[in-house]
Every structure is written in structure tokens, then in C-alpha cells.
Protein chains: 2
Amino acid sequence: MEFGDYIRRVRQMHQQQDRGYSLRQVAGRIRVEPSYLSKVERGLAAPPSRATILRLAAVLQTDADCLLAMADRVAEDLCAAIQARPQLMAKLIRAAKDQPEATVLGWIDSAS
Amino acid sequence: MEFGDYIRRVRQMHQQQDRGYSLRQVAGRIRVEPSYLSKVERGLAAPPSRATILRLAAVLQTDADCLLAMADRVAEDLCAAIQARPQLMAKLIRAAKDQPEATVLGWIDSAS
DNA sequence: TGTCATGTGTACTACACACTACACATTTCG
DNA sequence: CGAAATGTGTAGTGTGTAGTACACATGACA
């Protein structure tokens with residue numbers, strides 16, 4: 001799914017129950033120009049910066065990590081965690097990549 | 001440790017046994033201008049792009065993930081793995097962040 | 001002693017990123 | 001009906017990224 005299509009859909013969902021979700025209003029709340037958000041929604045402009053995507057996720061009440069992923073980005077705290085122990089984390093992620101979700105969830109569960 | 005300091009040190013290690021590791025020679029092999037590599041080594045220029053760092057890691061026979069981390073970057077395949085399953089991977093990394101190395105290694109071990 | 005290689009200084013550049021500014025044509029609704 | 005709000009088109013902008021180009025001084029070495 002394209003980033004623009006997705007955020008347009010989510011925004012319009014909200015808009016149906018709350019007229020505070022017009023393109024202009026949302027643009028105002030995430031502090032960008034309406035014309036820019038319009039282009040992003042239609043895929044005529046590349047997805048915004050990480051910071052802007054985070055504001056958008058908050059306003060649209062959607063998962064930030066997913067939204068970042070659609071924009072080919074990764075949250076800053078995840079990058080930091082990898083950079084703090086690069087070899088360990090690289091090994092972990094490469095191992096997790098080929099595991100079914102249940103297995104990975106098992107690991108996480110054993111942590112808490 | 002600074003990126004520049006580190007690669008200079010590693011390069012000079014090699015240089016002591018192999019005169020094929022002069023700044024100019026290494027620059028040639030990773031396909032950048034010597035003056036640029038010089039600036040990078042002394043911290044007068046920001047670390048190079050991901051692709052250039054990978055070539056450098058290969059030439060210096062040092063761990064690519066570590067070198068990338070020093071440059072505040074993350075390997076592309078790790079980003080891709082996160083983006084493929086953003087919520088799961090985000091949860092995993094945030095869980096692993098606070099675990100001792102042995103625990104994480106245990107998870108990895110249970111995978112193979 | 002001359003030439004070759006080494007590291008460095010200065011100046012510059014092409015391109016992409018992440019937007020802004022503003023005018024315009026519709027649509028809504030009090 | 002008229003005013004306000006809506007989405008969009010065109011043009012332009014400042015900043016950062018990732019380097020290149022080339023001259024220069026120094027040192028090795030044959």
C-alpha cells in the first residue's frame with residue numbers, strides 16, 4: 001500500500017465522523033502547507049520527514065512504526081538501539097527475519 | 001569512538017604490514033578522492049554514504065555493521081527487515097534493548 | 001638529486017530533500 | 001445568495017548530502 005493512499009484513507013475515515021479532519025485542518029495540526037499534504041496524499045510528493053510522519057501518526061491515531069515503514073523509514077529509537085550494540089542487534093534482526101511471528105513473540109514474552 | 005579516528009587507525013594497522021594501504025590507495029579502491037578520505041579520517045567531513053562505508057569495511061576487513069553504527073547509520077537489510085513487519089520488529093528491538101547480551105544470544109540460538 | 005608517492009588545503013558542485021507561498025476553482029451551508 | 005471552507009496547481013526556496021578537482025608541501029628512495 002502506498003503511503004499517500006493510506007493516509008488519505010485514514011484521514012477520510014475520521015472525516016466522516018468529525019469535520020475536524022479536512023485536509024486543511026490536518027495539515028494545520030501537523031504544521032505543513034495544505035498543498036503539500038495534498039500532494040503527499042496523492043503520491044505527487046515523497047513522504048514527509050520522520051518528524052512530520054510522527055505528528056501525522058499522532059493526529060490520525062495510527063501506528064507510527066507502520067506509517068514510518070510505508071515511507072521506507074525506521075523510528076529513531078530503533079536505529080539508536082541497533083547502533084548501541086550493532087553486532088548483537090544485527091544478528092538478532094537477521095535471525096528474526098526468517099522466524100514466524102509466534103516464535104518472535106515468544107522471545108519478547110520471555111523478556112517481561 | 002569517532003568514525004574518522006577509527007578508520008584511520010585500522011588503515012594504519014594494515015599499512016604497517018602492507019604498503020597497499022596508503023590513504024591514496026585505499027581511496028582509490030573505495031572510489032573516492034584522496035582529499036575526501038583524508039577529511040573523513042580527520043573528522044573534517046561527515047562519514048560517507050552507506051555504500052561507500054560498505055566498500056571501506058570490505059577493504060579494511062572490518063565489521064560493516066559496526067562501521068555503519070559509528071556513522072549513525074543502519075544496514076539496508078536490517079531496515080528492510082523492520083519495514084517488512086514493523087510492529088513485530090519494533091516490539092522485538094525495544095524488548096531486546098534492555099536485555100543483557102546473553103539473553104538475546106539465547107533467543108538467536110534457539111532459532112537455528 | 002630528481003622523481004615519485006604521500007597526505008592535505010581550498011574551492012567548488014550537482015542533486016535530492018522537505019518543504020513554503022499563493023493563486024485558483026469548486027463545494028458547502030447559514 | 002454570499003461567505004467561508006475545501007482541495008489542488010504552479011513555482012520557487014533553503015539546507016544538507018556526498019562528494020570532485022586540483023594545487024601544494026613534504027618525505028622516501030633509487
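Computed from heavy atoms alone, side chains included, the values below leave out hydrogens, waters and symmetry copies. Proteins come first, then strands; the chains are lettered A, B, ... in the order of their sequence lines, and each starts at number 1.
Between A/K39 atom NZ and C/dT20 atom C1' there is a gap of 9 Å when expressed in whole angstrom units. Put simply, CG on A/L56 is 11 Å from P on C/dC19, counting in whole angstrom units. Atom CZ of B/R19 is separated from atom P of C/dG7 by 14 Å (rounded to the nearest Å). Separating the CZ atom of A/R55 from the C1' atom of C/dC19 is a distance of 11 Å, rounded to the nearest angstrom. A/L37 places its CG atom 14 Å from the P atom of D/dG9, with the value rounded to the nearest Å. Between B/R50 atom CZ and C/dA16 atom P there is a gap of 17 Å when expressed in whole angstrom units. What separates CG of B/L23 from C1' of C/dT8 is a distance of 9 Å, to the nearest Å. As a whole-Å value, the separation of B/Q25 CD from C/dT6 C1' is 10 Å.
With sequence neighbours excluded, no residue satisfies salt bridge (Lys or Arg N to Asp or Glu O under 4.0 Å) with A/D5.
Under 3.5 Å, the side chains of A/S49 and A/T52 contain a donor-acceptor pair of N or O atoms.
For A/P47 and B/L44, each mapped to the nucleotide of DNA chain C holding its nearest heavy atom, the one lying further toward the 5' end belongs to B/L44.
The side chain of B/Y36 sits closest to D/dA18 out of D/dA11, D/dA18, D/dT8. When distances are taken from the side chain of A/P34 to each of C/dC22, D/dT8, D/dG19, the shortest belongs to D/dT8.
Distances shown here put a side-chain N or O of A/S22 below 4.0 Å from the OP1 or OP2 atom of D/dT6. Between B/S38 and C/dG9 there is no side-chain polar atom (N or O) within less than 4.0 angstrom of OP1 or OP2. The phosphate of C/dC22 has neither OP1 nor OP2 within less than 4.0 Å of any side-chain N or O from A/S35. Close to D/dT17, at under 4.0 Å from its OP1 or OP2, lies no side-chain N or O of B/R73. Within the 4.0 Å cut-off from OP1 or OP2 of C/dG7, at least one side-chain nitrogen or oxygen of B/Q15 is found. Look at B/R8 and you'll find a side-chain N or O under 4.0 angstrom from OP1 or OP2 of C/dT8. Residue B/R42 places at least one side-chain N or O closer than 4.0 Å to OP1 or OP2 of C/dG9. At the phosphate of D/dG7, OP1 or OP2 sits under 4.0 Å from a side-chain N or O atom of A/R11.
A cation-pi arrangement is absent between B/R73 and B/F3 under the rule of less than 6.0 angstrom and at most 45 degrees off the ring axis.
Annotation: the span from A/L37 atom CG to A/R42 atom CZ amounts to 10.0 Å, rounded to 0.5 Å.
When all heavy atoms are compared, the tightest approach of A/L23 to A/P34 is CD2-O, 3.2 Å. Heavy-atom minimum distance, A/P48 versus A/Y36: CA-OH, 3.5 Å.
Between B/D65 and A/R94, some side-chain heavy-atom pair lies under the 4.5 Å cut-off.
Within 6.0 Å of the CZ atom in A/R9, the count of heavy atoms belonging to other residues, nucleotides or ligands does not exceed 12.
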Inset, instruction - Sugar-phosphate atoms are those with a prime plus P, OP1 and OP2; base atoms are the rest. Using that split, label each nucleotide of nucleotides 24-30 of chain C B, S or - for protein heavy atoms under 4.0 Å, 5' to 3'. - result: -------

